[in-house]
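A, B, ... follow the sequence lines: proteins, then strands. Residue 1 opens every chain. Fair warning: this is a prediction, and the values are worked out from it, not measured in the lab.
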2 protein chains.
Amino acid sequence: MYLANPTQQTAVTTADKVFEQMQHAIVEGDIPSGSKISEPELAKRYQISRSTLREALNRLEKCHLIERKANVGSRVVDCSIEGLLELYITREALEGMACRQAALNMSDEEIVDMQTMLKAHGQTQELKDGIAYYQEEGDLDFHYKVILGSHNKQLIDLICGQLYHLVRMYRCQFGMNSPRASRAFNEHSQIIQAISDRDGELAEMLMRRHIAASRKNIENKIAQQNLTELNDRK
Amino acid sequence: MYLANPTQQTAVTTADKVFEQMQHAIVEGDIPSGSKISEPELAKRYQISRSTLREALNRLEKCHLIERKANVGSRVVDCSIEGLLELYITREALEGMACRQAALNMSDEEIVDMQTMLKAHGQTQELKDGIAYYQEEGDLDFHYKVILGSHNKQLIDLICGQLYHLVRMYRCQFGMNSPRASRAFNEHSQIIQAISDRDGELAEMLMRRHIAASRKNIENKIAQQNLTELNDRK
DNA sequence: TTAAGTATTATTGTCGACAATTATTCGGAA
DNA sequence: TTCCGAATAATTGTCGACAATAATACTTAA
């Protein structure tokens, strides 16, 4: 199942609904990464006029899932390794700062809530160890809670409203579930500890390491994957 | 005069042109911060249909200059002090990281170019000391060069394509030209030094301090301004 | 056969009108 | 007078058609 991000407001207009559908389709690769978007075709497929389709396309462009060129058309962004690494660099900067702000601005209730989640998360992990999926959901939940805890609208909008759609897209398309389950759990624990200690500096540092570790893990996986492909060809 | 940001591609379609005009108007306060946007009225003013106006509005929304609510309409974002501080927090995170990446990724030519700019900048400052305006332009030029030097599309797009429109808006509307002319120059020098030393860690740290100092300077100005207003009322 | 230029087709951009939703005004009852 | 509700007006969302631009196919000349 798809995890809705918490900043997304409920779709009211039909353009909103089509936007959400296309968002799913792009994130999960049903509309392939890098492919050109034909307005007439998609308008017909979703049974709407081109105007409302274009409205939906504008929102997709806003969260960096498609790119438009004037008088030429739209393409789905393509998932390159460079793009993935750039995304993680950006996450490191933004989520690191969000974590620092969370340590300063989170309410006590929010912190308790997060600790509760972590506990539940730990139990789930013990039960379904190896089953990556819930871990992934838990990971996203955790990150969302920290970001929202920053109480900084600018940060929240940039990360949840824009970056995380791309994050989910890369996770889907590169098949990167279940990264470092147990280590991630420990790292989450440390971060929550720093936040409840109101230690912004440490919180930022730990979050940055957490994301950097995730990035390096991905780099390794990709390198390993390339190696396997190389061997298969022989 | 208005300083175009370097990532903005030349306007080709009429929606683009209207977008640019409205962008100016909003940044400079001709369309007041916080005011509601009437689609029929603006379409008439710019002599275009509502469709192309809405296209322009979508781009304004993309760079966070207006906000839309379904079935209700658009408003120009309002410039609050909290918003300004949140913006600077975000800048600190993103530009700090951009600066680190610039230290790693900038070409030698780019570095030379930036050093040349700094030198010219210093002479201008000596000549027109006290005249804030050129200083401001120089400041933006410097920041743009560092950001572009990161060679990270994600960072470049987020900062130049989105944040900096808001930065310019706040600068205009709060009348914050000429902040800390001589100190800023020294800070810029140090940053360039760190970049040419390829010391990413130091470069990030210095850029973060530079922006944080700017933020604190603004906080002081606002506090002082409030104090003056309080005295005037007596 | 290849290359360039032109004609054709298809796609995107723009327009004005209608439908659906929200805001406002007006009237009546407490 | 004040508050609530219905009718009206205004605004936003959606639609289909036309205009302008880009991509494709075809023709012709070297």
Side-chain angles (χ1 to χ4, degrees), chain A residues 7-26 30-78 161, chain B residues 7-26 30-78 161:
Chain A
T7 57
Q8 196 148 8
Q9 53 220 0
T10 52
V12 21
T13 175
T14 65
D16 283 326
K17 292 168 195 160
V18 172
F19 161 66
E20 288 188 356
Q21 289 181 51
M22 291 188 70
Q23 194 181 310
H24 284 77
I26 290 175
D30 296 338
I31 300 176
S33 157
S35 67
K36 182 163 188 319
I37 285 180
S38 161
E39 292 185 5
E41 183 197 321
L42 282 179
K44 203 171 61 183
R45 187 192 306 177
Y46 289 105
Q47 306 273 34
I48 57 177
S49 85
R50 263 186 61 228
S51 308
T52 83
L53 177 77
R54 282 163 69 87
E55 188 71 36
L57 292 183
N58 273 316
R59 290 182 213 171
L60 289 171
E61 193 186 6
K62 241 181 31 182
C63 50
H64 297 180
L65 291 176
I66 70 172
E67 288 166 347
R68 286 174 68 188
K69 261 194 289 188
N71 285 319
V72 173
S74 313
R75 305 196 81 90
V76 180
V77 296
D78 53 30
Chain B
T7 57
Q8 196 146 10
Q9 53 220 2
T10 52
V12 21
T13 176
T14 66
D16 284 326
K17 291 168 194 161
V18 173
F19 161 67
E20 287 188 357
Q21 289 182 51
M22 292 188 69
Q23 194 181 311
H24 285 78
I26 290 174
D30 297 337
I31 300 176
S33 157
S35 67
K36 181 161 190 320
I37 285 180
S38 162
E39 292 185 5
E41 184 197 321
L42 282 180
K44 204 170 60 182
R45 187 192 306 176
Y46 289 105
Q47 305 272 36
I48 56 176
S49 85
R50 264 186 60 228
S51 307
T52 84
L53 178 77
R54 282 163 70 85
E55 188 70 35
L57 292 183
N58 272 316
R59 289 180 213 173
L60 290 171
E61 193 186 6
K62 241 180 34 179
C63 50
H64 298 180
L65 291 176
I66 70 172
E67 287 166 347
R68 287 175 67 190
K69 262 194 289 189
N71 285 318
V72 173
S74 313
R75 305 196 81 89
V76 180
V77 296
D78 53 30

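Residues A:Gly73 and A:Lys36 approach most closely at CA-NZ, 4.3 Å, considering heavy atoms. Contact between B:Leu42 and B:Met22 at its shortest, heavy atoms only, is CD1-CE, 3.5 Å. Taking both residues in full, the closest heavy atoms of A:Ala15 and A:Ala56 are given as O-CB, 3.8 Å, listed atom of the first, atom of the second, then distance. In this structure, B:Leu53 and B:Glu39 approach most closely via the heavy-atom pair CD2-O, 3.3 Å. Residues B:Val12 and A:Asn71 come closest through the heavy atom pair CG2-ND2, 3.8 Å.
The closest side-chain heavy-atom distance from A:Ile37 to A:Arg68 is not below 4.5 Å. Residues A:Glu55 and A:Val18 form no side-chain contact, since every pair of their non-hydrogen atoms from C-beta on lies 4.5 Å or further apart.
No donor-acceptor distance shorter than 3.5 angstrom exists from the side chain of A:Ser74 to the backbone of A:Lys69, with no hydrogens or angles considered. Here the side chain of B:Arg75 pairs no donor or acceptor atom with the backbone of B:Glu67 at under 3.5 angstrom.
When A:Leu60, A:Val76, A:Leu57 are each tested for a side chain to side chain contact (heavy atoms under 4.5 Å, CB included) with A:Leu65, only one passes: A:Leu60.
Phosphate contact (OP1/OP2 of C:dG13, side-chain N/O of B:Thr14, threshold under 4.0 Å): absent.
For residues 60-75 of chain A, proximity to DNA chain C is found at A:Arg68, A:Ala70, A:Asn71, A:Val72, A:Gly73, defined as any non-hydrogen atom under 4.0 angstrom from a strand atom. For DNA chain D, the residues of residues 34-53 of chain A within the heavy-atom distance limit of 4.0 Å (strictly under) are A:Ile48, A:Ser49, A:Ser51, A:Thr52, sorted by number.
An angle of 10°, rounded to 10°, separates the two end axes of the helix from C:dT1-D:dA30 to C:dA30-D:dT1, each defined over five pairs.
Each of A:Arg54 and A:Val12 has a nearest nucleotide on DNA chain C; the 5'-most of these lies closest to A:Arg54.
Regarding A:Glu55, its CD atom lies at a distance of 15 Å from the C1' atom of C:dT14, rounded to whole Å.
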